[in-house]
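Heads up, the thing below is written out as C-alpha cells.
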Amino acid sequence: MSAAGPVRLVVAGAIIDLENRSLLLARRRYPAEVAGLWELPGGKVEVGETPERALRRELAEELGIDVEVGGRIGPEVALRADLVLIALTARVVSGTATPTEHSAVRWVDGAGLSAMASEGELVPADAVWVSDLIEELARR
Ligand code: CDP
C-alpha cells in the first residue's frame with residue numbers, strides 16, 4: 001500500500017426500525033481483535049459501485065434482508081490510510097435479519113445501545129456514531 005494509493009470505502013448500515021425505535025447490530029466472528037463485538041453490518045464498496053448499492057448487496061448477502069437506504073449518519077472514520085468507513089441509514093423492506101457471517105444479530109433501543117457502548121461491546125470504529133444513532137432513534 002502506498003500513501004498515494006486508492007482509498008477504499010467501507011459502508012455500514014444504521015438499520016433503524018422507527019416503529020420500535022431500535023437499531024440492528026451484528027456480532028463479529030473475526031478477526032480476533034473484534035470477535036464477539038457488535039457492529040453496524042456492511043462491507044467494502046466494490047469498484048464502480050455506489051455506497052448505497054454496496055450496502056444493499058452486503059445486507060442481502062450477510063443478513064438476507066432487502067433494505068431501503070437513506071442518508072449519511074455520523075462522521076466518517078479512517079480505519080487505515082487506505083480504508084474509510086461511513087454509515088448510511090437504512091430500513092428493512094423485506095426479510096428477517098438472519099446472520100450468515102456474523103454469530104448473532106440483535107435489535108437495541110437507544111438505552112440499550114448506550115449501555116453496550118459503555119460496556120465496550122461495540123467495535124471501536126462504530127463507537128464514534130453512538131450519539132448520532134441515539135439522536136436518530138429519538139427523532140420524531
Ligand atoms: O473484509 P472483512 O469481511 O474482514 O471486513 P468488512 O466487514 O468488509 O469490513 C472491512 C473493515 O471495516 C474491517 O476492518 C472491519 O473491522 C471494519 N468495519 C468496522 O470497523 N465497522 C463496521 N461497522 C463494519 C466494518
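Indexing begins at 1, ligand by ligand and atom by atom, following the structure's order.
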Between CG of L25 and CG of L133, what distance do you get to the nearest 0.5 Å? 8.5 Å

Please report the interatomic distance CD1(I134) to CZ(R139), rounded to the nearest 0.5 Å. 15.0 Å

Does the protein place a non-hydrogen atom closer than 4.0 angstrom to atom 23 (N) of ligand 1? yes

So do I15 and V92 actually touch side chain to side chain, heavy atoms under 4.5 Å? yes

Step through the shown structure and confirm whether more than 12 heavy atoms of other residues, nucleotides or ligands are within 6.0 Å of CZ on R53. no

Atom CD of E135: over 12 foreign heavy atoms under 6.0 Å: no

Does an N or O from [X], backbone or side chain, lie closer than 3.5 Å to an N or O of ligand 1?
X    : answer
L40  : yes
Y30  : yes
W129 : no

Going by the closest heavy atom to atom 8 (O) of ligand 1, which one wins out of A125, A12, G13, G43? G43

Measure the distance from [atom] to every protein heavy atom, then report the residue, atom name and distance (to 0.1 Å) of the closest one.
atom                    : answer
atom 1 (O) of ligand 1  : K44 NZ, 2.6 Å
atom 16 (O) of ligand 1 : R28 NH1, 3.7 Å
atom 21 (N) of ligand 1 : D126 OD1, 2.7 Å
atom 17 (C) of ligand 1 : L79 CD1, 3.7 Å
atom 18 (N) of ligand 1 : E39 OE1, 4.1 Å

E39 and R28: which non-hydrogen atoms are nearest, and at how many Å? OE1-NH1, 3.0 Å

Any link between V7 and V45 through a network of hydrophobic side chains (Ile, Leu, Val, Met, Phe, Trp, Tyr) touching at under 4.5 Å? yes

Is it true that V34 lies under 4.0 Å from ligand 1, counting heavy atoms only? no

Polar side-chain atom of R56 near backbone of V67 as donor-acceptor pair, under 3.5 Å: yes

